[in-house]
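Remarks on the structure that follows.
The analysis underlying the following values was restricted to heavy atoms, covering all of them including side chains, and did not include hydrogens, waters or symmetry mates. Within every chain, numbering begins at 1; the chains are lettered A, B, ... in the order of the sequence lines, protein sequences first and strands thereafter.
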Number of protein chains: 4
Amino acid sequence: MDDIRGINEECGVFGIWGHERASELTYIALHSMQHRGQEGAGIVCSNNDYLFGARGTGLLTNALSNEQLLSLKGFPHAIGHVRYAAKGSSELSNVQPFLFKSSRGDLGICHNGNLVNALNVRAALEDDGAIFQTTSDAEILAHLIRRSKQSTHKERVKSALKQVKGAFSYLVMQEHALTVAMDDHGVRPLMLGELDGCYCVASETCAFDAIGANYIRDVEPGELITINDDGIEFDRYSDIDNPNMCSMEYIYFARADSNFRGHSTYRIRKALGRKLAESLGHIEADIVIGVPDSSLAAANGVAEVLHIPQEQGLIKNRYVGRTFIDKGQEARERKVRMKLSTVKDIVEGKRVIVIDDSIVRGTTSKYIVKALRDAGALEVHMGVASPPLIHPCFYGVDVSTHAEIIASQKSISEICEEIGADTLTYMEVEDMHDVYRSFGSRGECAACFTGNYPIEIIDNLLPQQKDLKTKGV
Amino acid sequence: MDDIRGINEECGVFGIWGHERASELTYIALHSMQHRGQEGAGIVCSNNDYLFGARGTGLLTNALSNEQLLSLKGFPHAIGHVRYAAKGSSELSNVQPFLFKSSRGDLGICHNGNLVNALNVRAALEDDGAIFQTTSDAEILAHLIRRSKQSTHKERVKSALKQVKGAFSYLVMQEHALTVAMDDHGVRPLMLGELDGCYCVASETCAFDAIGANYIRDVEPGELITINDDGIEFDRYSDIDNPNMCSMEYIYFARADSNFRGHSTYRIRKALGRKLAESLGHIEADIVIGVPDSSLAAANGVAEVLHIPQEQGLIKNRYVGRTFIDKGQEARERKVRMKLSTVKDIVEGKRVIVIDDSIVRGTTSKYIVKALRDAGALEVHMGVASPPLIHPCFYGVDVSTHAEIIASQKSISEICEEIGADTLTYMEVEDMHDVYRSFGSRGECAACFTGNYPIEIIDNLLPQQKDLKTKGV
Amino acid sequence: MDDIRGINEECGVFGIWGHERASELTYIALHSMQHRGQEGAGIVCSNNDYLFGARGTGLLTNALSNEQLLSLKGFPHAIGHVRYAAKGSSELSNVQPFLFKSSRGDLGICHNGNLVNALNVRAALEDDGAIFQTTSDAEILAHLIRRSKQSTHKERVKSALKQVKGAFSYLVMQEHALTVAMDDHGVRPLMLGELDGCYCVASETCAFDAIGANYIRDVEPGELITINDDGIEFDRYSDIDNPNMCSMEYIYFARADSNFRGHSTYRIRKALGRKLAESLGHIEADIVIGVPDSSLAAANGVAEVLHIPQEQGLIKNRYVGRTFIDKGQEARERKVRMKLSTVKDIVEGKRVIVIDDSIVRGTTSKYIVKALRDAGALEVHMGVASPPLIHPCFYGVDVSTHAEIIASQKSISEICEEIGADTLTYMEVEDMHDVYRSFGSRGECAACFTGNYPIEIIDNLLPQQKDLKTKGV
Amino acid sequence: MDDIRGINEECGVFGIWGHERASELTYIALHSMQHRGQEGAGIVCSNNDYLFGARGTGLLTNALSNEQLLSLKGFPHAIGHVRYAAKGSSELSNVQPFLFKSSRGDLGICHNGNLVNALNVRAALEDDGAIFQTTSDAEILAHLIRRSKQSTHKERVKSALKQVKGAFSYLVMQEHALTVAMDDHGVRPLMLGELDGCYCVASETCAFDAIGANYIRDVEPGELITINDDGIEFDRYSDIDNPNMCSMEYIYFARADSNFRGHSTYRIRKALGRKLAESLGHIEADIVIGVPDSSLAAANGVAEVLHIPQEQGLIKNRYVGRTFIDKGQEARERKVRMKLSTVKDIVEGKRVIVIDDSIVRGTTSKYIVKALRDAGALEVHMGVASPPLIHPCFYGVDVSTHAEIIASQKSISEICEEIGADTLTYMEVEDMHDVYRSFGSRGECAACFTGNYPIEIIDNLLPQQKDLKTKGV
């Protein structure tokens with residue numbers, strides 16, 4: 001139950017080199033990844049001579065006007081970005097890709113992820129006279145590249161990347177080349193594709209489908225790829241290759257039709273549901289309901305294994321609304337009620353298993369259980385297709401702080417009581433890893449479930465706190 | 001596959017009398033019916049002394065600002081409207097409810113539906129000196145009421161209603177009363193409910209669920225209801241009682257959780273799917289896919305009967321996008337592709353039955369078949385959970401003209417060829433009626449399938465043509 | 001000292017028939033009359049087949065977009081309007097010209113002035129079933145025309161005009177004719193002109209200069225002019241010919257370069273100054289200062305007669321600003337200070353005669369006297385180039401009510417004390433009339449000075465009160 | 001004839017330290033200097049702890065919302081800026097004051113003027129890794145300050161100022177101090193004032209009058225002033241003291257009521273007129289007309305000396321308009337005609353001396369002469385209260401390039417013929433200097449008249465060209 005839950009993704013990126021419709025393809029690709037960020041969007045293009053760009057706040061349709069899009073036509077190389085913004089940092093100056101003009105050449109840059117040593121590096125740069133205009137990690141890399149004394153652009157990028165720690169996919173556009181880099185833990189997804197003989201990269205494969213491109217392979221942890229008119233060059237900037245793909249990408253962020261190594265997240269989620277079903281077998285239930293939209297696949301898996309029909313007992317209102325009261329529990333409840341409703345004659349008199357992909361604060365789960373009971377459900381069993389979410393994320397997900405995460409405050413049975421369900425069943429961490437492995441994953445970050453952070457948290461700041469620390473006008 | 005198909009509903013209405021949170025409840029109710037109209041919204045309130053209102057264009061959140069909503073607080077009586085507008089008539093002056101001020105008292109009015117003698121009545125009124133400011137049928141009723149020489153308001157409304165023909169639900173607000181009227185064929189839905197001892201009416205029961213009200217019963221064809229501080233009074237303005245509820249409300253317009261006589265449209269659609277499945281039994285298929293969102297229920301019914309798993313093989317992008325090219329077949333195709341995508345590893349190597357609720361132009365169906373084949377489907381069988389749509393609607397649905405409706409130009413086998421499906425199966429008209437009857441319906445309009453129009457088409461103009469005929473500044 | 005004084009004009013009108021650049025000329029003409037109204041503007045055109053129009057709120061540049069203006073190109077007949085609006089009635093629906101579409105033909109209408117029996121006529125029309133959408137007097141005439149049973153359009157307009165009382169210039173556009181009417185007291189100015197063989201009308205001759213047209217003559221009280229493809233036809237709808245041109249038009253409203261019977265208001269104002277100088281001869285002063293911009297001409301006249309140099313000792317800031325505090329005396333004072341400033345080294349050590357064209361509340365005069373003294377003026381003598389303004393206007397000027405008009409509360413010597421001047425000299429009413437007569441005027445309304453209202457005040461409502469009485473949504 | 005002539009000022013600045021209404025006073029001061037820049041405005045405040053700011057594009061009322069202004073309340077220190085922007089560089093990111101946040105403290109900065117070695121310094125900084133976000137000279141100083149290795153802030157500012165060449169007034173705000181610097185040729189005006197015991201600085205004294213502050217003295221060339229809670233400290237960063245105040249400030253830019261060393265520009269302009277009159281003595285004329293608004297003072301001087309009455313024969317329309325055609329001579333002419341009009345009965349039959357303060361392209365002059373003749377002037381003699389403008393300005397004035405400046409292409413007699421005047425009289429350069437000297441000036445830049453540039457033009461770029469050279473997104 002995405003937007004009312006409090007987990008938010010930090011951005012999607014796309015880049016393509018050498019295509020006559022580069023900016024349009026970038027726009028279409030960004031549109032397909034709009035779920036990864038709705039607070040801003042931008043495109044920066046190159047024509048081998050100079051860079052040119054446009055960006056704006058809000059959804060893609062607001063962010064980029066027809067006039068702006070037309071002005072980008074004809075440029076054969078482009079990178080683009082959709083942005084999720086923590087509250088308060090949504091001003092235009094933070095919208096990516098950034099475009100830095102200089103007498104030494106232009107630089108376009110965008111990224112997905114979060115650095116864990118951003119404050120440290122930034123402070124060091126500032127001590128040395130650097131001036132920052134944004135609170136973004138992308139600008140940090142730009143300063144590091146510009147200040148590097150290495151002789152080639154690629155070496156400058158490498159030296160810059162070696163100084164930053166965290167989870168990131170960077171796209172760096174120059175007049176003559178597009179450089180692509182993935183952090184050495186591979187936390188955020190980044191895919192390599194091909195269209196009409198041109199290379200492209202995207203956070204998710206759904207972008208390739210949207211433009212008609214073919215998926216080649218995932219970009220690897222620590223990899224550095226350079227694309228220019230001479231073709232593509234694969235290199236590495238780090239010896240570490242320690243794959244830790246974010247578990248939440250599989251569970252919730254990625255679009256259902258996006259693939260990882262040839263497997264859709266729909267199928268992975270369904271497999272999570274099938275695995276979860278093993279722990280639900282003892283429950284006598286009449287129907288399985290998935291919380292729309294992201295949990296329908298898992299619910300489908302549960303229903304299949306348990307041989308219980310899956311019904312659309314919860315309906316989501318697609319439209320944004322307002323409540324007259326803004327604060328407090330009542331406001332939150334009215335808000336959820338305006339988003340989700342039950343189909344009474346489906347639910348009435350039934351013993352229900354309801355499947356959600358995760359629980360953050362518990363507010364939504366509590367409402368769902370209550371709504372189902374109000375609609376006449378005899379029993380409500382909640383199944384969660386992921387382990388208890390306990391720890392905050394430092395790698396680019398804007399999940400709430402400890403205090404707000406219900407599972408970091410209460411035991412499973414306490415949560416069950418709090419949300420009013422008859423039973424509450426989470427997935428085991430190991431079961432989750434098993435599922436991912438069965439789809440070819442070489443390793444996943446499960447820090448939000450286990451507290452084992454694969455990358456050392458140097459600044460010790462959440463993404464949203466970092467924004468406040470460095471906030472400008 | 002709603003918004004890219006070319007069938008559009010004409011509005012939703014809500015009214016409540018005597019509740020301290022009247023305007024807020026109206027807002028929440030309108031929000032739950034936003035699917036019935038996205039081009040404008042408004043609320044008109046009464047405090048027994050005078051009427052006051054606010055309205056605006058676009059979605060509810062744009063149409064009514066927080067400031068406007070606050071200005072409506074404290075009024076205990078309210079009516080509200082969400083509006084679908086044919087292209088070109090989206091200006092503010094046409095947004096309902098209309099509020100007419102005069103020395104003889106105020107009049108607030110809104111409606112859902114379409115008059116079939118609007119031009120005739122309007123011309124007669126104009127010959128008699130009336131000045132119209134809008135192209136809306138609601139204004140026509142206002143003139144008729146104001147010009148009536150009857151002695152009581154109720155008699156004036158009755159005399160006005162007797163002069164108009166067509167499909168309509170009217171809400172008429174005055175300082176001291178809310179009058180509710182349904183055309184004598186009952187084409188558009190209108191429901192009576194109750195909350196905290198106050199009466200309310202809504203186009204769909206989902207509005208009652210959204211505000212926590214209880215459903216009492218459907219408003220009957222020819223019925224005239226008056227609600228005021230003394231309570232509720234049931235009356236009729238017409239002796240005709242000839243129920244002809246719009247079939248498309250069941251099939252497609254109404255929200256899945258809205259009820260008709262206690263049955264959700266989700267269940268009705270599922271039953272349509274179950275009935276359709278009887279004609280699909282001969283097909284050997286591996287999976288059933290519903291076109292999201294409106295056809296998922298029917299697909300569920302098909303899957304159940306055929307014992308074939310239902311999978312989410314088509315994904316809908318919730319966000320609005322732009323294509324660089326505007327016109328022609330290529331533009332339409334790109335547009336559909338930006339809206340719908342396939343989950344490849346679900347579809348690949350499968351024989352697919354895809355269920356849609358209707359086919360208008362065939363563009364979307366053609367894309368769907370092609371997309372499924374591109375994703376590796378071995379066979380694609382299209383099942384449509386309604387009969388062939390052949391005739392335009394004069395009762396408030398903005399469906400395309402004959403020339404654009406594929407089934408009015410081609411036979412089923414020609415359509416099958418055009419969209420590229422292996423087989424194409426429609427529902428029989430009688431089967432559809434059977435399903436409705438099994439849910440307690442007393443009669444439905446099936447004119448768009450059969451050409452038998454239950455109400456004589458006096459002006460012989462489609463809703464969208466009428467707008468052009470009477471268009472002002 | 002116009003916009004901070006509280007006298008506001010009610011609109012300017014323009015019309016032209018048969019010119020290929022009709023809408024552009026109308027736009028330019030309205031631009032030249034922007035001083036007559038800044039709250040809205042519109043243009044309605046005819047192509048002999050139908051009427052088409054555009055309008056918007058705010059200044060001309062905001063009110064009409066380039067796109068809108070282009071849509072008006074090619075129409076050979078046009079009327080236009082700039083609107084002043086009393087606070088609270090600035091919504092788009094009240095912006096003129098109104099365009100009424102009907103099966104009986106289209107009607108475009110705009111006016112300048114104020115009816116004094118509007119409420120009476122309106123109530124009678126409403127009793128007979130008429131529905132009003134605006135609070136404007138222009139709509140009243142439209143209803144009267146439409147309801148008239150006369151056989152020709154001209155007779156219908158005549159019959160309508162005979163029912164309304166007050167001060168007005170009406171322009172009525174139909175597909176085939178432009179009808180122009182002036183109230184039988186001739187309170188508001190209306191001029192007839194010619195360009196490239198086409199007839200045009202305008203509130204002021206500056207509009208003719210702006211488009212390069214030639215002035216023909218003033219439209220006469222009670223006159224009715226019809227312009228169509230056959231030429232021009234002069235007629236009367238009233239036998240009364242009782243000229244009472246608004247004195248304030250000469251003193252303050254009309255642009256300095258606008259002519260009345262061949263004499264610019266600049267020259268008339270200068271003559272008022274020369275006449276006023278006769279009462280100022282006893283004052284020993286070093287410089288004469290006019291309050292910019294409207295009083296510079298009168299000051300010039302004073303300076304000439306007294307043989308004292310005129311200096312630009314007060315400077316007006318052209319830009320709009322904001323004060324942090326909104327209410328009370330301090331806010332008003334800061335506001336004036338942000339508008340007007342003194343040139344210290346001009347004023348310092350000087351005995352100053354300062355000339356203003358009128359005093360309403362006295363706030364500005366008080367500030368001016370204080371500012372001049374603060375700048376070092378040894379003496380400040382205030383001369384007013386009009387008689388004491390005592391009574392409100394019912395004929396279209398939004399002057400404050402009795403309570404706010406300082407001269408209706410205090411004697412001249414009390415006002416002098418209140419504003420802190422050394423002496424205060426007003427013009428005599430008879431002297432003012434003498435000046436006007438010397439420029440060929442046949443009679444002026446001086447009701448705001450004398451209380452003798454030439455047209456009976458039937459509704460007994462000020463323009464701004466009327467708006468409230470009939471205010472809709 | 002300001003805005004249609006093509007001379008544009010580059011900005012106004014204001015700063016105040018330690019006043020409880022600091023941000024409001026800054027707003028009022030900026031309002032009084034709005035004539036110095038209309039494309040953007042901003043305010044940056046300090047509360048001794050951190051800096052906070054707001055800025056926006058357009059006029060002050062658009063640039064800063066009420067909400068933004070309220071958010072600045074309570075901060076006791078503030079600097080503000082109104083900005084003139086060459087076409088194409090009007091985006092928000094270029095609006096000053098800039099606010100640079102860093103772990104080493106905040107920096108607010110704004111300036112008036114133009115550096116002549118900006119590109120050089122910028123390129124050197126970029127070679128050293130600096131990243132620029134704007135095209136503004138203010139950002140250059142910020143980088144220089146931040147990169148300076150000096151130990152105190154003041155030394156860092158001094159070292160930064162020593163590296164920049166050109167015409168500038170800089171205001172630098174830090175948490176604990178406001179630093180004010182003037183270039184060592186004193187080209188742009190900057191004034192020191194005092195209000196309620198607090199120090200303030202402004203580009204013009206009219207800002208002091210607007211807020212009620214007292215003028216102390218002009219800031220001197222090469223001076224560096226530091227204001228903080230301990231008081232004020234006067235210092236110098238340069239040994240050069242070579243006063244070259246921009247002549248155009250006296251002639252045209254500064255508001256008529258702004259003072260230089262106690263003399264208003266009104267009086268200086270009048271003196272220029274008196275001096276010019278000496279060359280006009282041979283002309284037999286009936287009236288003197290000044291081109292509004294900036295040339296009225298000079299015309300007054302001419303009239304006084306020649307004993308010929310000054311009349312307001314040209315009227316300026318305050319409102320912005322549109323022409324339907326955009327390009328070519330006809331568009332320019334219509335545009336001028338919409339701005340300026342003649343008072344026919346003043347001009348008719350008269351021999352006219354018309355006084356303008358300068359001629360750039362000649363388009364406006366040509367129109368004025370023609371308009372006066374069309375209005376019946378028997379003779380039109382043009383007097384210009386400044387020498388022929390021949391050379392472009394590199395010190396912050398956006399005057400046209402050589403090709404567009406009529407006097408750099410034609411002789412005076414050719415210009416006279418081109419504009420159609422009977423005679424054309426310019427001022428002598430030496431006469432102009434004499435006038436300035438008589439008002440206490442120690443030296444003025446007359447480069448635009450003489451081509452003698454007091455500061456070496458290192459980059460050799462006009463302000464408007466520089467923008468293009470460094471333009472970003």
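Counting heavy atoms from C-beta outward, B:Gln133 and C:Phe100 have side chains that approach closer than 4.5 Å. Side-chain atoms of C:Glu126 and B:Lys101, non-hydrogen and from C-beta on, never get closer than 4.5 Å to each other.
Atom CD1 of B:Ile131 sits about 11.5 Å away from atom CZ of C:Arg104, to the nearest 0.5 Å.
C:Ser103 and B:Ala123 get closest at one heavy-atom pair: OG-CA, 3.6 Å.
Of the charged side-chain nitrogens involved, at least one lies within less than 4.0 Å of a carboxylate oxygen, so that C:Lys149 and B:Asp128 count as a salt-bridged pair.
At a 4.5 Å heavy-atom cutoff, the contact between C:Asp127 and chain B is made by backbone and side-chain atoms alike.
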